[in-house]
There are 2 protein chains.
Amino acid sequence: MVKKPADPANGSAPAARQVPMRDFSRSLPMSLLRAREAVMRQFRPSLRQHGLTEQQWRILRALAAIDAVEVTELARTAFLLGPSLSRILRDLEARNLIERKTAKADQRRSMVSISKEGVKLMAAVAPNSEAIYAEITRRFGARKLAELQEMLGALEQSLAGLGSADDTLAEG
Amino acid sequence: MVKKPADPANGSAPAARQVPMRDFSRSLPMSLLRAREAVMRQFRPSLRQHGLTEQQWRILRALAAIDAVEVTELARTAFLLGPSLSRILRDLEARNLIERKTAKADQRRSMVSISKEGVKLMAAVAPNSEAIYAEITRRFGARKLAELQEMLGALEQSLAGLGSADDTLAEG
DNA sequence: CGCATTCATTTAACATGTTAAGCATCTCCC
DNA sequence: GGGAGATGCTTAACATGTTAAATGAATGCG
């Protein structure tokens with residue numbers, strides 16, 4: 001893994017190393033990104049076989065646990081931004097995997113629920129998905145997995161309410 | 001924050017809970033996603049002030065540590081897929097933040113390096129970025145942070161070479 | 001040498017992330 | 001009860017993720 005010195009034939013190599021920073025590849029965001037990718041890489045092929053993306057699967061899973069939710073709460077649950085969710089719901093509805101009806105009390109609100117077809121699709125995907133998750137758990141260790149999730153939750157807590165309010169130092 | 005029970009005025013709520021699965025919000029992918037988002041939320045405003053996205057910043061950081069790299073190796077370092085990197089390099093080059101020249105020995109290869117302007121921009125952003133990272137470290141704890149990164153690395157290792165080769169069980 | 005194969009990079013096409021606007025609808029308060 | 005502002009959702013616009021295909025250049029082999 002040792003980088004060999006640059007080929008001198010290059011002539012005038014542009015300057016570098018002029019801005020000292022932590023080793024890039026070991027930053028927390030990168031670690032989290034790589035770890036998540038390593039995990040998702042396991043699931044994507046199975047989902048793809050059923051014509052589902054990761055986000056569409058998240059939505060179906062969130063819907064499977066309840067009768068109906070408003071779009072905004074679904075966004076929170078599935079951890080998607082409004083615009084993304086809006087597009088995906090449009091597509092899922094076109095595929096008859098979900099149903100929508102405007103709430104009676106408040107015409108602005110739209111109640112989303114999973115359809116029978118959606119349930120069937122979930123039933124087809126879930127076993128595979130659970131098996132993959134089980135294999136991951138087996139490889140990494142159930143105890144370590146629980147520990148990791150605890151630390152991730154603690155990290156979230158540590159940062160809760162840091163940059164959420166209007167950044168008071170970025171306005172001037 | 002306690003959710004109130006669904007309004008019974010809804011009438012015939014579509015069936016749910018028909019596909020038993022783990023609690024969705026506690027899955028490993030979701031934990032990783034939320035944790036990473038909590039971290040990146042801290043950095044994005046600062047980067048945005050300098051007209052940089054998270055990925056563009058990753059590329060500049062990767063380039064700052066070396067004289068020049070091939071596109072493919074840069075993709076590995078910055079953890080970006082080829083097509084994404086290709087687009088971003090085009091834009092960064094148009095903004096004169098990077099430079100490119102085709103390698104002499106192999107006309108297919110393109111050597112990418114950071115420009116003087118790129119270095120200047122990095123010098124402007126880096127202090128802020130480091131300060132944010134320091135604050136995150138302070139809040140979460142340096143020791144816990146190191147532990148977390150170790151676990152994330154171990155997770156990656158656990159899954160290395162699982163779904164990377166052509167999935168032998170998805171072909172048939 | 002000629003040509004099929006491989007390789008590095010880019011382009012294309014579609015899905016999502018992200019921020020800002022738009023559009024209804026609802027709430028509140030005068 | 002009417003208009004200002006808040007709220008729920010969608011659309012728009014641009015950047016990236018993701019897979020497949022295209023392009024151009026190097027390589028291997030007959």
Side-chain angles (χ1 to χ4, degrees), chain A residues 29 33-34 36-37 40-41 43-45 47-59 68-76 78-95 97-98 100-112 163-164 166-167 170, chain B residues 29 33-34 36-38 40-41 43-45 47-59 68-76 78-95 98 100-112 163-164 166-167 170:
Chain A
L33 183 58
R34 278 194 305 252
R36 186 175 138 82
E37 179 54 29
M40 285 314 303
R41 190 194 312 283
F43 290 99
R44 266 191 275 267
L47 293 178
R48 187 174 174 73
Q49 284 190 306
H50 294 275
L52 288 175
T53 66
E54 173 194 340
Q55 291 81 359
Q56 292 168 348
W57 178 238
R58 287 220 297 273
I59 292 172
V69 269
E70 302 169 18
V71 172
T72 298
E73 189 187 339
L74 182 55
R76 214 170 26 240
F79 208 70
L80 293 169
L81 293 180
S84 292
L85 182 54
S86 196
R87 280 176 306 213
I88 301 175
L89 288 181
R90 165 167 49 72
D91 298 348
L92 291 180
E93 188 174 24
R95 288 165 66 182
L97 296 176
I98 66 162
R100 255 195 292 204
K101 54 180 176 180
T102 57
K104 296 186 182 71
D106 188 339
Q107 296 292 111
R108 292 173 306 181
R109 289 176 160 78
S110 167
M111 303 304 292
V112 184
S164 44
D166 305 1
D167 20 278
Chain B
L33 182 57
R34 279 194 305 252
R36 187 177 138 82
E37 179 53 30
M40 285 313 303
R41 190 194 313 284
F43 290 99
R44 266 191 277 266
L47 294 178
R48 187 175 175 72
Q49 283 189 306
H50 295 275
L52 288 175
T53 66
E54 174 194 338
Q55 291 82 0
Q56 293 167 349
W57 177 239
R58 287 219 299 271
I59 292 173
V69 269
E70 302 169 16
V71 172
T72 299
E73 188 187 340
L74 182 55
R76 214 170 27 240
F79 208 70
L80 292 170
L81 294 180
S84 293
L85 182 54
S86 194
R87 282 175 307 211
I88 300 175
L89 289 181
R90 167 167 47 74
D91 299 349
L92 291 180
E93 189 174 25
R95 289 165 66 183
I98 67 162
R100 254 194 292 202
K101 52 180 178 180
T102 56
K104 296 188 182 67
D106 188 338
Q107 294 292 109
R108 294 172 304 180
R109 289 175 159 77
S110 167
M111 302 305 289
V112 185
S164 44
D166 305 2
D167 21 277

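Computed over heavy atoms, backbone and side chain alike; hydrogens, waters and symmetry mates excluded. Below, read A as the first sequence line, B as the second, and so on, with proteins coming before strands; counting in each chain starts at 1.
- Note that the CZ atom of B/Arg109 and the NZ atom of B/Lys104 stand 15.0 Å from one another [nearest 0.5 Å].
- Remark: A/Arg48 engages no residue in a salt bridge (Lys or Arg N to Asp or Glu O under 4.0 Å) (not counting sequence neighbours).
- For the pair A/Glu37 and A/Arg44, the salt-bridge criterion is met [side-chain N within less than 4.0 Å of a carboxylate O].
- Here the options are B/Leu85, B/Leu80, B/Leu52, B/Leu74, the test is side-chain contact (heavy atoms from CB on, under 4.5 Å), and the partner is B/Arg58; only B/Leu80 passes.
- With hydrogens and angles disregarded, no donor-acceptor distance shorter than 3.5 Å links the side chain of A/Glu73 to the backbone of A/Glu70.
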Atom pairs under 3.5 Å, N or O on each side, protein against nucleotides 25-28 of chain D: can you list them with distances?
| residue | atom | partner | partner atom | Å |
| --- | --- | --- | --- | --- |
| D/dA26 | OP1 | B/Gln107 | N | 2.8 |

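- Under the rule for a side chain to side chain contact (heavy atoms under 4.5 Å, CB included), the partners of A/Pro29 that lie at least two apart in sequence or sit in another chain are A/Ser27, B/Arg36, B/Val39, B/Met40, B/Phe43, B/Tyr133.
- Every residue meeting the salt bridge (Lys or Arg N to Asp or Glu O under 4.0 Å) condition with A/Arg34, not counting sequence neighbours, appears here in chain and number order: B/Glu156.
- Between the CZ atom of A/Arg90 and the P atom of D/dT11 there is a distance of 7 Å, rounded to whole Å.
- Partners of B/Gln55 under the side chain to side chain donor-acceptor pair (under 3.5 Å) rule, at least two apart in sequence or in another chain, do not exist in this structure.
- What separates NZ of B/Lys101 from C1' of C/dT9 is a distance of 19 Å, to the nearest Å.
- Counting heavy atoms from C-beta on, the side chains of B/Gln56 and B/Thr53 come closer than 4.5 Å.
- One can place CZ of A/Arg109 at 13 Å from P of D/dT10, the figure rounded to the nearest angstrom.
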Revision key, fill the gap. Each nucleotide of nucleotides 13-18 of chain D classed B (base within 4.0 Å of a protein heavy atom), S (only sugar-phosphate) or -, in 5' to 3' order, makes B-SBBB

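- Comparing the local axis fitted to the first five base pairs of the helix from C/dC1-D/dG30 to C/dC30-D/dG1 with the one fitted to its last five gives a bend of 10°, rounded to 10°.
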Determine all donor-acceptor pairs shorter than 3.5 Å in which one atom belongs to a side chain in residues 87-95 of chain B; sequence neighbours excluded.
| residue | atom | partner | partner atom | Å |
| --- | --- | --- | --- | --- |
| B/Arg87 | NH2 | B/Ser84 | OG | 3.3 |
| B/Glu93 | OE1 | B/Arg100 | NE | 3.3 |
| B/Glu93 | OE1 | B/Arg100 | NH2 | 2.9 |
| B/Arg95 | NH1 | B/Gly51 | O | 3.3 |
| B/Arg95 | NH2 | B/Gly51 | O | 3.0 |

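- One interatomic measurement links the two molecules: CD of A/Glu70 to P of C/dT25, which rounds to 17 Å at whole-angstrom precision.
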